[in-house]
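One structure is given here, and the rest of the page talks about it.
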Amino acid sequence: MTTYTASAPGKLMLFGEHAVVYGRPCLVTTVGLYVSATVTPTQTSAVTITTPALRARGEVHTVALADLGRQLQPETAFVEAIAARALQLAEQPHGLRIDTDGPQLSYGLGSSSAVTVATAAALNAAIGLALSQRALFDLAYSAVLDAQGKGSGFDVAAAIYGGTLWFETGGTAIEPVDAPELPFRIGYSGAKVSTRRFVDGVEQLRERNPLIVERIFDTIGGIVVQARTALEQGDWGKLGDLMDLNQGLLDALGVNTPALAQLIFATRNAGALGAKLSGAGGGDCMVALALDEQRTPIDGAIRQAGTLVELPLGVPGVRVTVR
Ligand code: PMV
């Protein structure tokens, strides 16, 4: 029996979170935290899904093809959503087995989007959809919206295209950014409740204060424009300023936490040229700009205030192998 395995990386938001949900650009890079999905076509009329957590309990999740995507279960929502979307494009119904794998702790670095993309790419090969990169993005992004309700799609684009990207809401622009170096260190502050909660919180703040919050989004958009140039030119002093400015505006949006702030101030005090939270806020990760000579004290500061996450950055996007 032929199996199709795809492996997709996680993401690290560099600049522009939250504003990217409202039509502004962001900059994102990939992290070498890989999630895989193995798809095996079967002679059944059902989709059987296993994840590391389900396997640990000796369980599988099986859904009849006729019911696929109708009632997403939290543990398998992203996988089932992409299977339902992909099978809608298939010429004939397919029974499938989908086994996903990945790290136990993913630090909020994009494991849901990575598992969706890995499953999408494996299905693309397994059921012969022959989708382009762009069509794969559109398919995986709709599945993420099915499972999660909201999101700009930046994480889906990172997992598909790889490297460092300029991304605009919904993929209206997805452009590679030529960043010669990515001298960033990642600090993990502990789990957050949910991305959705913080995206909703910003939406409510915007409803109460539309003019001010729109101006904050515009300013963040302006920071992203300048950050792209600074990143491409290796202008670290400028990039550090822009990180600190972006952080101030994220704090204004109400998504900072004491644990993130502690990591951010600790790394700045240890010599980081700039530091900011990364992602929706409320927990998860922050990122510090650490040139070689300041790296050791900055790593030490992160270890003291939280967890140092050492992963390669700017890695390639999803890869499929057939066995
Ligand atoms: O919490 P994360 O790392 O999934 O990042 C969310 C980033 C947001 O801009 C807040 C939402 C989005 O989909 O762009």
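FYI, side chains are in, hydrogens and waters are out, and symmetry mates aren't considered; it's all heavy atoms of this structure. Here the structure is a predicted model, which is why all the values come from computation and not from measurement.
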Rounded to the nearest 0.5 Å, what's the gap from [atom1] on [X] to [atom2] on [Y]? Could you check?
| X | Y | atom1 | atom2 | value |
| --- | --- | --- | --- | --- |
| Tyr141 | Phe154 | OH | CZ | 11.0 Å |
| Leu27 | Ile223 | CG | CD1 | 11.5 Å |
| Gln262 | Ser189 | CD | OG | 10.0 Å |
| Thr48 | Leu54 | OG1 | CG | 11.5 Å |
| Met243 | Trp236 | CE | CH2 | 10.5 Å |
| Gln148 | Thr116 | CD | OG1 | 8.5 Å |

May I ask you to check whether over 12 heavy atoms, not counting those of [X], lie within 6.0 Å of atom [atom1]?
| X | atom1 | result |
| --- | --- | --- |
| Glu293 | CD | yes |
| Ile212 | CD1 | no |
| Gln71 | CD | no |
| Arg323 | CZ | no |

side-chain contact (heavy atoms from CB on, under 4.5 Å) evaluation trace for Thr44 with Leu65: CA-CA 9 Å; Thr44 65; Leu65 287 177; over 6 Å; no
Ser106 and Ser111: side-chain donor and acceptor closer than 3.5 Å? yes
If every non-hydrogen atom of [X] is compared with every non-hydrogen atom of [Y], which pair is closest and at what distance?
| X | Y | value |
| --- | --- | --- |
| Ala121 | Val318 | CB-CG2, 3.7 Å |
| Ser278 | Met13 | OG-O, 2.7 Å |
| Val315 | Pro9 | CG2-CB, 3.7 Å |
| Ala290 | Arg185 | CB-CG, 3.5 Å |
| Pro103 | Val35 | CD-CG2, 4.4 Å |
| Ile220 | Ala19 | CG2-CB, 3.7 Å |

Does [X] belong to the same Ile/Leu/Val/Met/Phe/Trp/Tyr cluster as [Y], with side-chain heavy atoms less than 4.5 Å apart forming each link?
| X | Y | result |
| --- | --- | --- |
| Tyr34 | Val79 | no |
| Val322 | Val39 | no |
| Tyr188 | Ile186 | yes |
| Leu273 | Leu12 | yes |
| Leu245 | Val202 | yes |

[X] with [Y]: basic N within carboxylate O range, under 4.0 Å:
| X | Y | result |
| --- | --- | --- |
| Arg228 | Glu175 | yes |
| Arg24 | Glu17 | no |
| Asp155 | Lys11 | no |
| Glu80 | Arg85 | no |
| Lys276 | Asp244 | no |
| Asp299 | Arg303 | no |
| Arg215 | Asp218 | no |

Applying salt bridge (charged side-chain N to carboxylate O under 4.0 Å, His left out) as the test, list every pair that has at least one member in residues 99-121; sequence neighbours left out. Arg55-Asp101, Arg97-Asp99
Counting distance only, does the side-chain N/O of [X] pair as donor-acceptor with the main-chain N or O of [Y] below 3.5 Å?
| X | Y | result |
| --- | --- | --- |
| Asp178 | Glu232 | no |
| His94 | Leu87 | no |
| Asn269 | Phe265 | yes |
| Thr169 | Gly23 | yes |
| Gln247 | Leu277 | yes |
| Asp284 | Ala191 | no |
| Tyr161 | Thr164 | no |
| Asn246 | Gly16 | yes |
| Ser132 | Ala135 | yes |
| Asn209 | Leu205 | yes |

Step by step, work out the salt bridge (Lys or Arg N to Asp or Glu O under 4.0 Å) result for Asp200 and Arg197. CA-CA 5 Å; Asp200 287 347; Arg197 194 172 127 187; over 6 Å; no
Taking the hydrophobic residues Ile, Leu, Val, Met, Phe, Trp and Tyr, and joining any pair whose side-chain heavy atoms are under 4.5 Å apart, which ones share a cluster with Leu211? none
I'd like to check Leu165 versus Thr29 (side-chain heavy atoms, cut-off strictly below 4.5 Å). Are they in contact? no
Dump the intermediate steps for side-chain contact (heavy atoms from CB on, under 4.5 Å) on Phe198 and Arg196, then the final yes or no. CA-CA 5 Å; Phe198 289 89; Arg196 184 62 196 261; over 6 Å; no
Among Thr51, Thr50, Thr40, Thr119, which one satisfies side chain to side chain contact (heavy atoms under 4.5 Å, CB included) with Ile98? Thr119
Which is it for Cys285 and Leu109 under the side-chain contact (heavy atoms from CB on, under 4.5 Å) test, yes or no, and what are the steps along the way? CA-CA 8 Å; Cys285 288; Leu109 291 173; 4.0 Å; yes
Please list, chain by chain and in numerical order, all residues satisfying side chain to side chain contact (heavy atoms under 4.5 Å, CB included) with Asp235, sequence neighbours excluded. Ala230, Lys238
Yes or no on side-chain contact (heavy atoms from CB on, under 4.5 Å) for Leu239 and Phe15, after CA distance, side-chain angles and deciding distance? CA-CA 10 Å; Leu239 199 75; Phe15 287 91; 3.9 Å; yes
Indicate the ring-plane relationship of Tyr22 and Phe217, choosing parallel, tilted or perpendicular according to the 30° and 60° boundaries. parallel
